[in-house]
Q: 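Could you have a look at this structure, given as structure tokens, before my questions?
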Amino acid sequence: MRQLSFPGAWVHEPKLFPDSRGSFHEWFRRSDLDDATGHGLQLAQANFSISSRGILRGIHFADVPPSQAKYVTCVRGVVLDVIVDIRVGSPTYKQWEAVRLDDTVHHAVYVAEGLGHSFMALTDDTAVVYLCSEGYAPGREHGINPLDPELGIEWPEGVTPLLSEKDAAAPSLAEAEEQGLLPSYEACQAYYAQLRARG
């Protein structure tokens, strides 16, 4: 696991074992994640999405605690996966990082509780699988518009973003902060400490 540019976001770059039959790799190993985060991933839900080229999902996040950590990989096609630090008070607040996930190198990303998550499909019939630490709870789920100019996420040129009505109507980061929707860095750090204490 390699930490990205801000705490709470990691990328897993597995070793591939190709042969005449195809290839094999370990896309998730709990001990690797434990070593990186200091705690395990309690699996509560596994999601599978199929998207056409240009489909843009997110930026999604949930109230802390318990929020929802995610471990995400692309099993068919290509996506640009984007993680955003939306933790108010964080030294890296408003920063984002993009990771290409595809069915060739088979990278995966871990998104800690309190971070925002989004991805855009760059091919048709793209399939993404993600493991979640908590189940979907509509009352705790929120979104930020992924096209918010203040964030300035560099989505790929030449691909028209296609958003759901809910994501298109989501507030900007500034509006979400004004509405008190964003998690605080302090609350996230306290929750991470609880997770580490549980092991």
Side-chain angles (χ1 to χ4, degrees), residues 1-14 27 47-62 67-88 90-132 136 141-179 181-183 188:
M1 301 287 291
R2 176 173 59 84
Q3 185 172 297
L4 298 178
S5 59
F6 46 83
W10 282 268
V11 60
H12 172 57
E13 299 167 330
W27 80 278
N47 298 334
F48 182 91
S49 69
I50 297 177
S51 304
S52 301
R53 185 173 189 267
I55 294 294
L56 177 52
R57 299 179 186 270
I59 302 166
H60 299 149
F61 65 99
S67 190
Q68 186 187 65
K70 299 175 182 175
Y71 189 88
V72 186
T73 194
C74 179
V75 296
R76 184 175 64 233
V78 183
V79 300
L80 186 70
D81 193 279
V82 174
I83 305 167
V84 186
D85 190 348
I86 59 169
R87 300 168 296 191
V88 177
S90 168
T92 53
Y93 180 56
K94 300 182 184 180
Q95 290 186 21
W96 57 271
E97 186 151 357
V99 178
R100 177 187 168 102
L101 304 179
D102 60 37
D103 56 11
T104 302
V105 297
H106 301 286
H107 289 174
V109 294
Y110 175 76
V111 184
E113 296 86 351
L115 294 175
H117 179 250
S118 182
F119 65 83
M120 174 187 273
L122 304 184
T123 54
D124 283 329
D125 204 30
T126 293
V128 172
V129 175
Y130 34 115
L131 310 179
C132 304
Y136 176 70
E141 306 288 335
H142 306 287
I144 296 165
N145 192 305
L147 304 179
D148 178 3
E150 182 183 4
L151 285 174
I153 296 173
E154 296 174 5
W155 299 108
E157 295 182 4
V159 182
T160 302
L162 304 172
L163 282 67
S164 69
E165 290 184 11
K166 182 178 178 181
D167 287 345
S172 67
L173 183 70
E175 290 168 340
E177 183 175 356
E178 289 173 6
Q179 295 167 21
L181 299 177
L182 302 181
C188 290

Q: Nearest 0.5 Å please: distance from the CD1 atom of I59 over to the CG atom of L115.
A: 11.5 Å
Q: Do V111 and F61 have side-chain heavy atoms sitting under 4.5 Å apart?
A: no
Q: Quick one: CG on D124 to CD1 on I50, what's the gap to the nearest 0.5 Å?
A: 12.0 Å
Q: Considering all heavy atoms of both residues, which atom of F6 and which atom of R87 are nearest to each other, and what is their separation?
A: CD1-NH2, 4.3 Å
Q: Would you check if L80 and V159 make a side-chain contact, meaning some heavy-atom pair closer than 4.5 Å?
A: no
Q: Which pair of non-hydrogen atoms, one from Y136 and one from E141, has the smallest distance, and what is that distance?
A: CE1-CG, 3.4 Å
Q: If I take atom CE from residue M1 and atom CD from residue E13, how far apart are they, to the nearest 0.5 angstrom?
A: 9.5 Å
Q: Would you say that W155 contacts S118 through its side chain, given a criterion of any heavy-atom pair below 4.5 Å between the two side chains?
A: yes
Q: Going through the checks in order, is the side chain to side chain contact (heavy atoms under 4.5 Å, CB included) test met by Y130 and D81?
A: CA-CA 12 Å; Y130 34 115; D81 193 279; over 6 Å; no
Q: Output the distance between atom NE2 (H107) and atom CZ (R2), rounded to the nearest 0.5 Å.
A: 7.5 Å
Q: L181 versus I144: any side-chain heavy-atom pair under 4.5 Å?
A: no
Q: Quick one: pull up CD1 in I86 and CD in E177 and give me the separation to the nearest 0.5 Å.
A: 10.5 Å
Q: State, with a plain yes or no, whether a side-chain heavy atom of V82 is found less than 4.5 Å away from one of P146.
A: no
Q: Identify the heavy atoms of L173 and D148 that sit nearest to each other, and give their distance.
A: N-OD2, 2.8 Å
Q: For residues H12 and W10, determine if any side-chain heavy atom of one lies less than 4.5 Å from a side-chain heavy atom of the other.
A: no
Q: Check P183 against C188 and note the closest heavy-atom contact, atom names and distance.
A: CB-SG, 3.9 Å
Q: Decide if atom CD of Q179 counts as having more than 12 heavy atoms of other residues, nucleotides or ligands within a radius under 6.0 Å.
A: yes
Q: A side-chain contact here means heavy atoms from C-beta on lying under 4.5 Å apart; do L56 and L147 qualify?
A: yes
Q: Might you point out which heavy atoms bring P156 and L122 nearest each other, and give the distance in Å?
A: CG-CD2, 3.6 Å
Q: Closest approach of V79 and A121, non-hydrogen atoms and distance?
A: CG1-CA, 4.0 Å
Q: Just verifying a value: how many Å separate E97 CD and T92 OG1, rounded to the nearest 0.5 Å?
A: 10.5 Å
Q: Hey, are the side chains of W27 and H106 touching, using non-hydrogen atoms and a 4.5 Å cut-off?
A: no
Q: For H60 and D167: C-alpha separation, side-chain torsions, deciding distance, then whether side chain to side chain contact (heavy atoms under 4.5 Å, CB included) applies.
A: CA-CA 9 Å; H60 299 149; D167 287 345; 2.9 Å; yes
Q: Against V78, only a single residue in T126, D102, L101 fulfils side-chain contact (heavy atoms from CB on, under 4.5 Å); can you say which?
A: D102
Q: Look at the rings of Y110 and Y71 and say which category their plane angle falls in: under 30° parallel, 30 to 60° tilted, over 60° perpendicular.
A: tilted
Q: Closer than 3.5 angstrom, by distance alone: can the side chain of T73 be matched with the main-chain N or O of V129 as a donor-acceptor pair?
A: no
